[in-house]
Amino acid sequence: MDNHRTTAHLHSDDGSPVRVLVVDDEPDLTEVLSGALIGEGWSVRTAADGATALSVARVFRPHAVVLDWMLPDIDGLRVLHLLRQELDTVCVLFLTARDAVEDRVAGITAGGDDYVTKPFSLEEVLARLRGLLRRAGMARESEGDHLVVGDLVMDEEAREVVRAGELVELSRTEFELLRFLMRNPRRVLSKTQILDRVWSYDFGGRSHVVELYISYLRKKIDAGRAPMIHTVRGVGYVLKPDTA
């Protein structure tokens, strides 16, 4: 069976790509997060400090800002305050290592819409941003909310997976791993790419965890059926439908 794919892509009300500004002074984090956002089909700009962020925002007019709390010049709370003066409807997701309850309260009280602590899962950040944009009415879905590869179907909203008409029970991590594979059918994904996307950006390169969860998925997805999850030795893994 040939594979096809439908998924819920967000775009702005005028049909243009969602615009997201990423503000963080860690280059590796910014690069990984930007890549994930671009993979959603969104337009992305970055800034390494508060002053640059405000300058970029005036021109770029982002729908959402991923904002680090601790910046080298002015802190994220001050940047948020100044952003709100010019873009009062922008969605702001704080991204920080500060996870104390009082810090969370301070960020939300100051006008932040949500809060994710480092290290983080890229899928979690994407899910939070999608939710913020939908609730704010700043973006809408262009298609359905299902991923389909061969006889494997994932309902992203209901978090249900069915293969050949049979429900497959997955843990949260197994679901996120399968979602990443299904969003990239027939594309070979390296262990590093999978670690970055499904786990946290600084997970430490522990590739054995990928091998472990791939084995879990195979037992649930491929058991008693034509295999869809394939190993490309020395490179990574690929999900493709049975063509027999």
Exercise. Please name the pair of heavy atoms, one in Ala64 and one in Leu133, separated by the smallest distance, quoted to 0.1 Å.
Key: CB-CD2, 4.1 Å
Self-check item: Distance-minimising heavy-atom pair for Ala158 and Asp155
Solution: N-OD1, 3.0 Å
Quiz prompt | Atom of Phe175, atom of Glu160 and distance for their closest heavy-atom approach | solution = CE1-N, 4.0 Å
Exercise. Check Ser190 against Gln193 and note the closest heavy-atom contact, atom names and distance.
Key: N-OE1, 2.8 Å
Quiz prompt | 4.5 Å side-chain heavy-atom contact, Val125 and Leu33 | solution = yes
Quiz prompt | Arg128 side, atom CZ; Leu93 side, atom CG - distance, nearest 0.5 Å | solution = 7.0 Å
Exercise. Identify whether Val162 and Leu170 are in the same connected component of the hydrophobic contact network (ILVMFWY, side-chain heavy atoms under 4.5 Å).
Key: no
Practice problem: For the residue pair Val149 and Leu181, establish whether any side-chain heavy-atom pair is separated by less than 4.5 Å. | Solution: no
Quiz item: Leu177, Val232: one ILVMFWY side-chain cluster at the under-4.5 Å cut-off?
Solution: no
Exercise. Answer yes if Val235 and Ile194 sit in the same cluster of Ile, Leu, Val, Met, Phe, Trp and Tyr residues linked by side chain heavy atoms under 4.5 Å apart, and no otherwise.
Key: no
Quiz item: Could you give the distance from NZ (Lys191) to CG (Leu195), rounded to the nearest 0.5 Å?
Solution: 9.5 Å
Quiz item: At what distance, to the nearest 0.5 angstrom, does CG of Asp75 lie from CG of Asp68?
Solution: 10.5 Å
Quiz item: Would a 4.5 Å heavy-atom cut-off, applied to side chains only, mark Leu29 and Phe120 as touching?
Solution: yes
Exercise. Decide yes or no for Val168 and Leu178: does some side-chain heavy atom of the first lie under 4.5 Å from some side-chain heavy atom of the second?
Key: no
Quiz item: Do other residues, nucleotides or ligands put more than 12 heavy atoms under 6.0 Å from Glu124 CD?
Solution: yes
Quiz item: Is Val188 reachable from Val210 through a run of hydrophobic residues whose side-chain heavy atoms are each under 4.5 Å from the next?
Solution: no
Exercise. Return yes if some donor-acceptor pair links the side-chain N/O of Lys220 with the main-chain N/O of Glu169 below 3.5 Å, else return no.
Key: yes
Quiz item: Any side-chain heavy atom of Val20 sitting closer than 4.5 Å to one from Pro62?
Solution: no
Practice problem: Please check if Leu189 and Val238 belong to a single hydrophobic cluster, counting links between Ile, Leu, Val, Met, Phe, Trp and Tyr side chain heavy atoms closer than 4.5 Å. | Solution: no
Practice problem: Over all heavy atoms of both residues, which pair between Leu21 and Ala57 is shortest? Give the atoms and the distance, please. | Solution: CD2-CB, 4.1 Å
Self-check item: Leu87 side, atom CG; Arg61 side, atom CZ - distance, nearest 0.5 Å
Solution: 4.5 Å
Quiz item: If you round to the nearest 0.5 Å, how far is CZ of Arg179 from CZ of Arg183?
Solution: 5.0 Å
Practice problem: Working to the nearest 0.5 Å, report the span between CZ of Arg130 and CD of Glu123. | Solution: 6.0 Å
Quiz item: Quick one: side chain to side chain contact (heavy atoms under 4.5 Å, CB included) partners of Ala51, sequence neighbours excluded?
Solution: Asp49, Asp73
Quiz prompt | Side-chain touch Asp24/Val66, heavy atoms, less than 4.5 angstrom | solution = no
Exercise. With the side chain counted from C-beta on, respond yes when Arg84 and Val90 share a heavy-atom pair under 4.5 Å apart, and no when they do not.
Key: yes
Exercise. Measure across Leu77 and Trp69 and return the closest heavy-atom pair with its distance rounded to 0.1 Å.
Key: CD1-CZ2, 3.8 Å
Quiz item: Could you walk me through whether Tyr216 and Thr173 pass the side-chain contact (heavy atoms from CB on, under 4.5 Å) check?
Solution: CA-CA 10 Å; Tyr216 291 161; Thr173 301; over 6 Å; no
Quiz item: How about Phe180 and Leu122: do any of their side-chain heavy atoms sit closer than 4.5 Å?
Solution: no
Self-check item: Polar side-chain atom of Arg45 near backbone of Ala53 as donor-acceptor pair, under 3.5 Å
Solution: no
Kindly list each side-chain donor-acceptor pair under 3.5 angstrom involving residues 222-231, sequence neighbours excluded, with atom names and distances?
unit_1, atom_1, unit_2, atom_2, d
Asp222, OD1, Arg163, NH1, 3.1
Asp222, OD1, Met228, N, 3.0
Asp222, OD2, Met228, N, 3.3
Asp222, OD2, Ile229, N, 3.2
Arg225, NH1, Ile221, O, 3.2
Arg225, NH2, Glu166, OE1, 3.0
His230, NE2, Pro227, O, 3.3
Thr231, OG1, Arg218, NH1, 3.4
Thr231, OG1, Arg218, NH2, 2.7

Quiz item: Any donor and acceptor pair, going by atom type alone, linking the side chain of Ser215 with main-chain N or O of Leu212 inside 3.5 Å?
Solution: yes
